[in-house]
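Only heavy atoms go into these numbers, but all of them, side chains included; no hydrogens, no water, no symmetry mates. All chains are named by letter (A, B, ...) in the order of the sequence lines, taking the proteins before the strands, and each is independently numbered beginning at 1.
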Amino acid sequence: NPYAGLVSQLRASWLSGKTRPMEYRVAQLEALGRFLDEKKQEILEATELDMGKPSFEAFFSEILLCKNELNVTLNNLCHWMKDEHVDKNLVMQLDSAFIRKDPYGVVLIIAPWNYPIHLFLVPLIGAIAAGNCAIIKPSEISKHTERLVAETLSCYLDSDCFAVVTGGVPETTLLLENKFDYIFFTGSPPVGRIVMTAAAKHLTPVTLELGGKNPCYVSDTCDVNNVARRVAWGRFFNAGQTCIAPDYLLCTVEMQDKLMPALRAAITEFFGPNPRESPDFGRIVSDKQFRRIRALLGSGRVAIGGQTDEAERYIAPTVLADVQPSDPAMQEEIFGPILPIVVIANMDEAIDFINARPRPLAIYAFSCDSKVVNQVLERTSSGGFCGNDTLMHVTLTSLPFGGIGNSGLGKYHGKFTFDTFSHHRGCLHRNMGLETLNTPRYPPYTQQKLGLLTSTFEVKRRGTCTLL
Amino acid sequence: NPFAGLVSHLRASWLSGKTRPMAFRIAQLEALGQFLDDKKQQILEATASDLGKAPFEAELSEILLCKNELHETLNKLSHWMKDEPVDRTLAMQLDSAFIRKDPYGVVLIIAPWNYPIHLFLVPLIGAIAAGNCVIIKPSEVSKKTERLVAEALPGYLDRDCFAVVTGGVTETTRLLENKFDYIFFTGSSSVGRIVMTAAAKHLTPVTLELGGKNPCYVSDTCDVNNVARRVAWGRFFNAGQTCIAPDYLLCTVEMQDKLLSALRKAIDDFYGPNPRESPDFGRIVSDKQFQRVQRLLGSGRVAIGGQTDEAERYIAPTVLADVQPSDPIMQEEIFGPILPIVVIANMDEAIDFINSRERPLAVYAFSSDDKVVNQVLERTSSGGFCGNDTLMHVTLTSLPFGGIGNSGMGTHHGKFSFDTFSHHRGCLKRGMGREPLNGPRYPPYSQQKFGVIRATSKVTRKSDCTLL
């Protein structure tokens with residue numbers, strides 16, 4: 001196996017204890033920060049070449065959000081690393097009981113192409129913070145960013161403990177034959193299954209950040225202009241190539257009629273009358289993706305946009321009206337700048353529609369009536385949820401980010417990343433003496449001993465309390 | 001698939017929302033408590049019949065520890081179920097940001113035979129508390145307990161939401177073909193791989209509580225008599241059939257000599273001169289297991305015990321001295337009442353010995369010198385750890401219980417069970433108005449807008465703090 005030597009080397013580094021001291025981890029994290037600062041221009045250029053990502057967007061998602069995660073981690077690492085002391089029962093009052101945060105060892109991070117720096121770097125922050133060694137496998141589809149990462153990241157990180165591996169499906173398959181101590185994968189559900197199956201051979205725990213169709217319910221009571229702006233922003237950011245983008249809209253036929261001019265106005269406000277000329281609108285990452293998305297345009301009727309240019313891999317910000325559940329655009333995650341509207345009669349129908357489908361990464365609900373937002377939240381299941389906006393819930397480092405069911409398993413961001421990559425080891429440190437405390441548990445067993453054990457060990461039921 | 005209908009039925013119940021209200025969950029948990037109270041005698045009899053479990057031991061592990069988990073959960077459920085508000089950025093001060101605890105849906109719990117009530121019931125408590133429906137698959141190896149659970153448990157729990165499925169490997173394989181929303185498996189590492197592979201097909205998250213060889217290091221500075229009692233207790237409880245039992249001892253040749261006389265005395269104190277006649281010492285669960293464990297006796301030299309009786313499936317509390325790493329007993333988890341002693345020169349050799357093997361469920365270290373205990377903890381990796389005692393760390397509901405590497409993934413007990421079976425959904429609820437706050441993020445992009453975004457959402461690096 002071409003990677004066995006590398007994995008071996010990283011495992012030896014981990015076993016040497018090199019990554020354990022806080023100073024080491026802080027130094028590596030600070031080096032990651034320098035990578036973001038010094039290579040900022042290169043990152044903006046690479047992502048623009050790869051998918052026409054506007055600099056503003058790249059700055060926001062690939063630099064600012066990453067630096068936020070870095071700073072949250074650097075600010076809190078010493079606190080997160082500390083042993084957490086826990087409640088003890090009567091018998092253990094003189095003992096020390098705590099949770100020790102141990103690294104897993106050698107971690108593999110597989111990243112996709114749509115936010116090609118962010119989606120390896122944010123997990124990497126947690127992996128380093130938790131004391132692991134890591135192999136990073138960036139996506140071969142975002143070619144320029146892949147080369148940038150492969151050529152420059154190793155100048156910043158300790159090459160005994162961190163490595164970048166490049167390649168496509170055959171290389172990744174071979175890489176996955178090795179034993180890793182944790183695998184963090186962001187990508188599609190079918191590949192997620194393959195990764196988890198490979199992980200199962202080695203009993204390797206995994207986090208899978210996958211995808212799905214994120215529904216966006218718009219109730220009849222809302223500020224149509226604000227909704228249109230917020231939804232258009234979430235849909236067309238990065239030309240729609242966002243795992244948490246609102247994938248399709250659910251609303252009544254009346255709301256569809258009201259939303260259409262508002263969406264038209266929002267798109268014009270954002271990108272001008274000809275978005276192809278806007279410096280602020282992206283392109284599709286590859287010919288294969290372009291053709292896949294273009295094929296979805298034959299769904300419902302094109303109400304806004306619909307223009308494409310294959311040479312540029314340009315697809316106009318598009319809204320499709322009166323889309324049917326059986327239409328092509330409703331059979332797969334769109335991952336492009338097309339917003340289908342599916343008409344439903346009311347909120348209950350919208351909720352049933354959502355619940356009849358695989359659980360998505362995000363659910364969005366827009367309503368001036370907070371009861372409506374709460375109902376949608378309460379009666380559906382998804383990775384995350386945002387009321388009256390799109391995308392924004394994942395910018396808060398204090399909220400866990402992850403999927404459920406087909407959209408993934410595990411979570412990260414902020415402290416959740418540190419927790420993902422650390423093993424929470426339950427520890428009890430007792431006294432060598434005080435043996436008389438232990439005698440009730442030893443044979444020969446008697447009723448009296450059992451009574452003693454029960455009274456010192458038992459957790460009693462307290463009086464009830466009400467759920468606020 | 002013979003179980004498709006049952007899984008369907010439970011999924012429909014879950015989608016109906018029946019398990020969501022706190023009152024329902026409490027009622028089911030209280031019914032579980034009733035099961036333990038009403039059926040205590042039958043539980044003691046069934047486990048005595050299945051593996052000669054001493055009633056005292058069964059009361060402790062199958063009743064008391066389970067009731068502790070139940071009470072802990074009932075005492076705290078309303079608190080655990082509440083939305084957890086989280087820190088917000090400047091831009092989100094007027095928004096509501098919180099973590100919602102959602103059930104997964106239909107959960108499968110597969111339990112082994114050694115603590116046949118405890119090892120399905122404790123996870124079940126967490127699954128119910130988190131609002132799930134559950135299928136329980138008890139072990140077919142502990143036959144009497146299996147029948148008791150299959151016949152009696154459904155009478156206590158809501159049949160729309162909870163079911164018991166019985167059977168062997170064939171039935172379990174068919175069961176695993178269905179899609180579950182969480183799978184909780186306790187058993188061997190090899191079957192753990194099979195379960196995770198089956199789970200991967202449906203992207204089902206798993207907790208695997210597996211096994212391994214739990215090392216027990218005894219330093220030269222210790223109270224030999226106390227050590228001998230605590231180790232003997234942990235090793236011979238349930239006739240050694242405990243996933244967290246000390247599997248083998250590591251000590252110097254001088255300590256081996258001292259320990260042997262102390263162990264002889266401890267065993268005599270516990271079980272009398274002929275343990276076969278003691279009511280407090282168990283039997284091996286099956287002929288197959290008996291034969292497997294008996295074969296391990298040809299390792300090192302029998303210093304204490306060694307007697308067996310196939311008809312009774314009795315293996316005497318046994319200590320083997322001067323065992324070599326290549327001996328049969330060091331090739332697999334013993335899961336029987338045999339304690340091999342492997343001689344090493346010093347603590348460093350012991351730590352290297354431990355680290356060159358699969359990571360176990362527990363590491364034990366005995367020393368009057370705290371520094372020694374801390375060194376072993378610091379320089380090894382395991383599911384859990386206990387200094388100067390055995391088994392006791394898992395009786396604290398406030399400590400997470402789980403493995404790492406070959407010994408498993410995921411943690412449970414206390415709140416960790418609730419957290420295991422609930423999806424932590426990151427939620428953000430924003431206002432419908434206040435649209436100017438969003439202005440800076442929209443295209444057309446500008447430096448000025450970016451400046452505002454950075455100012456309102458960036459996380460700054462605070463000054464250093466030292467790790468205590």
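With rounding to the nearest 0.5 angstrom, the CG atom of A/Asn75 is 6.5 Å from the OG1 atom of B/Thr460. Rounding to the nearest 0.5 angstrom, the gap separating the CG atom in A/Leu428 from the OH atom in B/Tyr364 is 10.0 Å. With rounding to the nearest 0.5 Å, the separation of CZ in B/Arg20 from CZ in A/Arg379 is 11.5 Å. Remark: A/Thr454 OG1 to B/Leu60 CG distance equals 8.0 Å, nearest 0.5 Å. Separation of atoms CG (B/Leu428) and SG (A/Cys386) is listed at 4.5 Å; rounding is to 0.5 Å. Once rounded to the nearest 0.5 Å, the distance linking CG of B/Asn438 with CG of A/Asp389 reads 5.5 Å.
Interface remark: B/Lys201 contributes backbone atoms only to the contact with chain A (heavy atom separation under 4.5 Å). Neither the backbone nor the side chain of B/Ser190 comes within contact range of chain A, judged by heavy atoms closer than 4.5 Å. Using a 4.5 Å cut-off between heavy atoms, B/Ala232 does not touch chain A at all. The part of B/Asp269 that comes within reach of chain A is its backbone (N, CA, C, O), which places non-hydrogen atoms under 4.5 angstrom from that chain. For chain B, the nearby parts of A/Pro444 are the backbone and the side chain; heavy atoms of each come within less than 4.5 Å. The contact between B/Phe416 and chain A is made entirely by side chain atoms (from C-beta outward), counting heavy-atom distances below 4.5 Å. Interface remark: B/Thr411 contributes side-chain atoms only to the contact with chain A (heavy atom separation under 4.5 Å). Contact of B/Phe401 with chain A is not made at all, since no heavy-atom distance falls under 4.5 Å. Residue contact with chain A, scored on non-hydrogen atoms closer than 4.5 Å, involves the backbone and the side chain of B/Glu72 alike. Contact annotation for B/Asp102: only side-chain heavy atoms (C-beta onward) come within less than 4.5 Å of a heavy atom of chain A. For B/Glu378, the parts lying near chain A are the backbone and the side chain together; criterion is any non-hydrogen pair under 4.5 Å. Interface remark: B/Leu210 contributes side-chain atoms only to the contact with chain A (heavy atom separation under 4.5 Å). Contacts of B/His424 with chain A are made by both backbone and side-chain atoms, with heavy-atom separations under 4.5 Å. For B/Ser407, no part lies near chain A; criterion is any non-hydrogen pair under 4.5 Å. Neither the backbone nor the side chain of B/Thr73 comes within contact range of chain A; no heavy atom of the residue lies under 4.5 Å from a heavy atom of that chain. Contact annotation for A/Ser55: neither backbone nor side-chain heavy atoms come within less than 4.5 Å of a heavy atom of chain B.
A donor-acceptor pair shorter than 3.5 Å cannot be found between the side chains of B/Arg88 and A/Ser398. Between B/Lys429 and A/Asn374, the side chains place a donor N or O and an acceptor N or O closer than 3.5 Å (distance only, hydrogens not considered). In summary, the side chains of B/Thr380 and A/Arg425 do present a donor paired with an acceptor at a separation below 3.5 Å, with no hydrogens or angles considered.
Checked for salt-bridge contact, B/Asp87 and A/Lys415 miss the test: no charged N lies under 4.0 Å from a carboxylate O. With respect to B/Arg229 and A/Glu435, a salt bridge is recorded, a charged nitrogen being found less than 4.0 Å from a carboxylate O. A/Glu30 has a carboxylate O that lies under 4.0 Å from a charged side-chain N of B/Arg461, or vice versa, which qualifies the two as a salt bridge. A/Asp87 has no carboxylate O lying under 4.0 Å from a charged side-chain N of B/Lys415, or vice versa, which leaves the two without a salt bridge.
Using a distance-only test at 3.5 Å, with no hydrogens or angles considered, a donor-acceptor pair links the side chain of B/Asn68 to the main chain of A/Phe457. In this structure a side-chain-to-backbone donor-acceptor pair under 3.5 Å is present from A/Asn226 to B/Met432. With hydrogens and angles disregarded, no donor-acceptor distance shorter than 3.5 Å links the side chain of A/His429 to the backbone of B/Asp370.
The closest side-chain heavy-atom distance from B/Asn388 to A/Asp95 is not below 4.5 Å. Side-chain contact between A/Met92 and B/Met392: present, with at least one pair of heavy atoms (C-beta onward) separated by less than 4.5 Å. Contact check for A/Cys427 versus B/Leu377: side-chain heavy atoms found under the 4.5 Å cut-off. Side chains of A/Pro443 and B/Phe281 form no contact here, defined as non-hydrogen atoms less than 4.5 Å apart.
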Please walk me through it: do B/Tyr442 and A/Arg230 pass side-chain contact (heavy atoms from CB on, under 4.5 Å)?
CA-CA 9 Å; B/Tyr442 297 138; A/Arg230 297 173 195 189; 3.3 Å; yes
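Most heavy-atom pairs under 4.5 Å with chain B: of the set A/Lys179, A/Glu269, A/His202, A/Lys67, this distinction falls to A/Glu269. Ranking B/Gly431, B/Ser446, B/Gly192 against chain A, the residue ahead of the rest is B/Gly431, based on heavy-atom pairs under 4.5 Å. In terms of non-hydrogen atom pairs under 4.5 Å with chain B, the most contact-rich of A/Arg430, A/His393, A/Lys411 is A/Arg430. Ranking A/Val394, A/Asn225, A/Asn431 against chain B, the residue ahead of the rest is A/Asn431, based on heavy-atom pairs under 4.5 Å. Across A/Asp181, A/Leu64, A/Leu74, the residue that shares the most heavy-atom pairs under 4.5 angstrom with chain B is A/Leu74.
By the neighbour-count criterion of 12 heavy atoms within 6.0 Å, atom NZ of A/Lys88 is densely surrounded, having more than that number from other residues, nucleotides or ligands.
Taking the six-membered ring where the residue is Trp, A/Phe56 and B/Tyr445 present parallel rings, their angle staying beneath 30° rather than reaching 60°. Note on ring orientation: taking the six-membered ring where Trp is involved, the planes of A/Tyr442 and B/Trp233 are perpendicular (angle over 60°, cut-offs 30° and 60°).
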